[in-house]
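Computed from a predicted structure; not experimentally measured.
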Amino acid sequence: QVQLVESGGGLVQAGGSLRLSCAASGRTFSNYAMGWFRQAPGKEREFVAAISRLGVSTYYTDSVKGRFTIARDNAKNTVYLQMNNLKPEDTAVYYCAGGRGPRARSDSNEYGYWGQGTQVTVSS
């Protein structure tokens with residue numbers, strides 16, 4: 001049974017930083033891409049970042065490029081999202097997602113497993 005457990009969310013002022021972590025279990029972590037998505041109140045879930053199975057390729061939505069960094073440690077079965085220069089519009093529940101294959105993708109249908117989410121709130 002695949003499990004994804006996020007941590008690291010919280011309240012931060014605009015311009016601040018947070019690092020989200022997602023610990024995975026239940027399958028061979030290094031065989032699959034991982035992604036981060038977010039959902040703000042009243043909005044649909046949107047893609048944030050993805051990383052290929054060995055971390056060679058990364059992919060970001062335009063609004064976070066240059067501010068967010070996705071990384072993974074396959075020895076620890078963990079994927080990270082470093083978020084810098086946070087803005088109030090980054091406020092959302094952030095979800096870790098486990099890919100169906102090895103390549104980094106932005107389509108949520110390419111992900112078969114989801115964490116419970118962690119709240120990120122950025123105050124102005």
Any heavy-atom pair between the side chains of [Y] and [X] that's under 4.5 Å?
| X | Y | value |
| --- | --- | --- |
| L81 | T69 | no |
| M83 | L20 | yes |
| V79 | W36 | yes |
| V5 | S7 | no |

Taking side-chain hydrogen bond (donor to acceptor under 3.5 Å, both in side chains) as the criterion, tell me which of N85, N84, D90 meets it with R67.
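Among the candidates, only D90 passes.
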Report the distance from atom [atom1] of [X] to atom [atom2] of [Y], rounding to the nearest 0.5 Å.
| X | Y | atom1 | atom2 | answer |
| --- | --- | --- | --- | --- |
| K76 | S21 | NZ | OG | 9.5 Å |
| I51 | R103 | CD1 | CZ | 16.0 Å |
| L11 | S123 | CG | OG | 5.0 Å |
| Y95 | Q116 | OH | CD | 9.0 Å |
| S30 | R72 | OG | CZ | 7.0 Å |
| R53 | Y32 | CZ | OH | 10.5 Å |

Contact summary for [X] and [Y], nearest pair of heavy atoms:
| X | Y | answer |
| --- | --- | --- |
| P88 | A14 | CD-CB, 4.1 Å |
| V93 | G117 | CG1-CA, 3.8 Å |
| C22 | L4 | SG-CB, 3.9 Å |
| G8 | L18 | O-CD2, 3.8 Å |
| A33 | P102 | CB-O, 3.6 Å |
| M34 | I70 | O-CD1, 4.0 Å |

Go through the steps to decide whether E46 and E44 satisfy the test side chain to side chain contact (heavy atoms under 4.5 Å, CB included), and finish with yes or no.
CA-CA 6 Å; E46 65 170 352; E44 293 190 355; over 6 Å; no
With a 3.5 Å cut-off and no angle check, do the side chains of S108 and E110 form a donor-acceptor pair?
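No donor-acceptor contact under 3.5 Å links the two side chains.
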Ring of F47, cation from R38 - is the NZ or CZ under 6.0 Å from the centre and inside 45° of the axis?
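Pair R38/F47 does not count as cation-pi.
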Within 45 degrees of the ring normal and closer than 6.0 Å to the centroid, is that where the cationic atom of R105 sits relative to Y111?
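So R105 doesn't make the cation-pi contact.
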For T118 and G9, indicate whether the former's side chain and the latter's backbone hold a donor-acceptor pair under 3.5 Å.
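Checking the backbone N and O of G9 against the side chain of T118, a donor-acceptor pair under 3.5 Å is found.
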Any sub-3.5 Å donor-acceptor pair from T78's side-chain atoms to A23's backbone N or O?
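No.
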Honestly curious: do Y80 and F29 fall in one hydrophobic cluster under the side-chain, below-4.5 Å linking rule?
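No; tracing contacts between hydrophobic side chains, which count when under 4.5 Å, never links both residues.
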Under a single-linkage definition using a 4.5 Å side-chain heavy-atom cutoff for Ile, Leu, Val, Met, Phe, Trp and Tyr, are L86 and V64 assigned to the same hydrophobic cluster?
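Yes: a chain of side-chain contacts under 4.5 Å links L86 to V64.
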Is the Y94 ring parallel, tilted or perpendicular to the F68 ring (thresholds 30°, 60°)?
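Taking F68 first and then Y94, their aromatic rings sit tilted (interplane angle of 30° to 60°).
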Checking side chain to side chain contact (heavy atoms under 4.5 Å, CB included) for the pair Y113/R100: CA distance, chi angles, key distance, verdict?
CA-CA 8 Å; Y113 301 97; R100 299 183 188 275; over 6 Å; no
Above 12 or not: heavy atoms from other molecules or residues under 6.0 Å from CZ of R27?
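Correct, the count exceeds 12.
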